[in-house]
Amino acid sequence: MPLDLATIFAAVVVISFAATTMDTGVRLQRYVVQEIGELIKVRVLARNLSVATTVAVVIPLAMALIPGEGRPGTRSASCGSCSGRRTSSPRAWRSRSSPSGSPGAAATRSPSSSRSASCW
């Protein structure tokens, strides 16, 4: 009986961890989708949680299910700096500016131009 109880407990802990991780990933992606909606001035995308969540789930799901290799954005991020850039929000890239307050080189640089060779 104690071994069965321990097995059930371990299974519940692992499943709870996986569910929490998926919830956090979807929530972060929804925030990014909402910020994109604000930037491109699509109010329903920026304010409606159901629409933003649907977009945040359906697009990656479609990318994962479409057969083929070499699609952009399907490489796994194996280092922290790559994964951080992949989850950074568009607002973070847009809001960088030079000390004078005008957009500088950092604000106009695309995220892909600063990738280090160690990540790929």
Trainee: Who else is in V57's hydrophobic cluster (ILVMFWY, side-chain heavy atoms under 4.5 Å, direct or via others)?
Mentor: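 Members alongside V57: V26.
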Trainee: Quick one: OG1 on T53 to CZ on R27, what's the gap to the nearest 0.5 Å?
Mentor: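 Between atom OG1 of T53 and atom CZ of R27 there are 9.0 Å.
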Trainee: Once rounded to the nearest 0.5 Å, what's the spacing between atom CG of L3 and atom OG1 of T7?
Mentor: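 Reported to 0.5 Å precision, the distance equals 4.5 Å.
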Trainee: Which pair of non-hydrogen atoms, one from L45 and one from V55, has the smallest distance, and what is that distance?
Mentor: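 It is CD1-CG2, 3.9 Å.
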Trainee: Under a single-linkage definition using a 4.5 Å side-chain heavy-atom cutoff for Ile, Leu, Val, Met, Phe, Trp and Tyr, are V51 and I40 assigned to the same hydrophobic cluster?
Mentor: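 Cluster IDs for V51 and I40 match.
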Trainee: Mind running salt bridge (charged side-chain N to carboxylate O under 4.0 Å, His left out) on E38 and R47 for me, showing each step along the way?
Mentor: CA-CA 8 Å; E38 286 180 19; R47 301 286 179 223; 3.7 Å; yes
Trainee: Quick one: pull up OG1 in T20 and CD1 in I15 and give me the separation to the nearest 0.5 Å.
Mentor: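 It comes to 11.5 Å.
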Trainee: Applying a strict under-4.5 Å side-chain criterion to I, L, V, M, F, W and Y, I'd like to know whether V32 and M22 cluster together.
Mentor: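 Hydrophobic grouping puts V32 apart from M22.
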Trainee: Spell out, yes or no, whether V44 and I36 are grouped together once hydrophobic residues are joined by side-chain heavy atoms under 4.5 Å, including indirect joins.
Mentor: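 Yes; tracing contacts between hydrophobic side chains, which count when under 4.5 Å, links both residues.
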Trainee: What's the spacing between L39 CG and Q34 CD if we round to 0.5 Å?
Mentor: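 If we round to the nearest 0.5 Å, L39:CG and Q34:CD are 12.0 Å apart.
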Trainee: Which heavy atom in G37 sits nearest to a heavy atom in A46, and how many Å separate them?
Mentor: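 The pair with the smallest heavy-atom distance is C-CB, 3.8 Å.
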Trainee: The test is side chain to side chain contact (heavy atoms under 4.5 Å, CB included); show your working for V14 and V12 and say whether it passes.
Mentor: CA-CA 6 Å; V14 169; V12 168; over 6 Å; no
